[in-house]
Amino acid sequence: QKEVEQDPGPLSVPEGAIVSLNCTYSNSAFQYFMWYRQYSRKGPELLMYTYSSGNKEDGRFTAQVDKSSKYISLFIRDSQPSDSATYLCAMSVIFGGTSYGKLTFGQGTILTVHP
Amino acid sequence: NAGVTQTPKFQVLKTGQSMTLQCAQDMNHNSMYWYRQDPGMGLRLIYYSASEGTTDKGEVPNGYNVSRLNKREFSLRLESAAPSQTSVYFCASSERENYGYTFGSGTRLTIV
């Protein structure tokens with residue numbers, strides 16, 4: 001079983017829809033959670049970063065973390081065609097152990113927003 | 001603002017050939033990483049360097065070697081390329097552990 005599971009999709013929605021992207025994880029030591037956006041033939045770029053349970057909002061994007069359920073989500077409101085990309089969740093452990101500082105990525109969800 | 005620069009962007013190799021992928025960052029970051037991205041597998045860590053002078057294996061290090069030449073540069077070497085190493089390779093850097101990464105634009109490598 002992978003440490004981080006993400007539904008690869010693909011997910012296709014009409015412009016203006018609310019999009020929900022999700023990841024589950026098995027390692028309770030994960031404390032830092034991130035979402036990356038990757039356009040076709042480009043490197044991933046950091047979208048959102050959080051280290052606590054609850055919600056964090058940035059414009060049309062909301063990141064949600066539920067540590068008790070080991071579940072994180074990214075919501076996109078009023079989705080636009082320019083949001084079409086692959087979205088990757090990523091997480092890392094806090095200090096201690098041999099794996100700290102290194103991110104573990106989900107597989108990525110391919111999102112298409114059509115006009 | 002260049003960020004993370006990877007060279008080359010594309011490369012085709014024959015089985016058994018060797019090559020070095022170059023990566024340089026201009027953000028004065030301490031940590032650097034090499035990932036490979038394959039369909040259905042996501043991003044997998046090959047090697048990382050937490051700070052200048054140190055390197056460590058990641059999830060899939062077999063068949064690769066790395067060199068942290070200085071704080072800016074981190075290279076990945078394939079000594080004897082195999083078709084299983086056909087992939088897109090990404091270099092990344094971060095200010096310190098647990099911070100978000102800045103990725104390069106990738107090297108698309110095909111081994112025939």
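All chains are named by letter (A, B, ...) in the order of the sequence lines, taking the proteins before the strands, and each is independently numbered beginning at 1.
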Considering only heavy atoms, which portion of B:Gln37 lies under 4.5 Å from any heavy atom of chain A: side chain, backbone, both, or neither?
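Side chain of B:Gln37 only, per the 4.5 Å heavy-atom cut-off to chain A.
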Portion of B:Leu43 that has a non-hydrogen atom of chain A nearer than 4.5 angstrom:
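Interface part for B:Leu43: both.
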Shared hydrophobic cluster, [X] / [Y] (ILVMFWY, side-chain heavy atoms < 4.5 Å):
{"X": "A:Met91", "Y": "A:Tyr87", "result": "yes"}
{"X": "B:Phe90", "Y": "B:Met32", "result": "no"}
{"X": "B:Leu45", "Y": "B:Trp34", "result": "no"}
{"X": "A:Leu11", "Y": "A:Met48", "result": "yes"}
{"X": "B:Tyr48", "Y": "B:Leu21", "result": "no"}

What parts of residues 104-112 of chain B touch chain A if we use heavy atoms and a cut-off under 4.5 Å?
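Answer by number: B:Gly104, B:Ser105, B:Arg108.
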Kindly state each residue pair satisfying salt bridge (Lys or Arg N to Asp or Glu O under 4.0 Å) with at least one member in residues 57-69 of chain A, sequence neighbours excluded.
A:Glu57-A:Arg77, A:Arg60-A:Asp83
A:Tyr51 atom OH: more than 12 heavy-atom contacts under 6.0 Å
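Incorrect, the count does not exceed 12.
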Whether over 12 other heavy atoms sit under 6.0 Å from A:Lys2 NZ
yes
What part of A:Gln38 gets within 4.5 angstrom of chain B, counting heavy atoms only: side chain, backbone, both, or neither?
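Side chain only.
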Could you check B:Tyr33 against A:Leu103 for side chain to side chain contact (heavy atoms under 4.5 Å, CB included), going step by step and ending with a plain yes or no?
CA-CA 10 Å; B:Tyr33 314 83; A:Leu103 292 181; over 6 Å; no
Rounded to the nearest 0.5 Å, what separates atom CZ in A:Phe105 from atom OH in B:Tyr35?
5.0 Å
Checking B:Tyr101 side chain against A:Pro44 main chain: does a donor-acceptor pair fall under 3.5 Å?
no
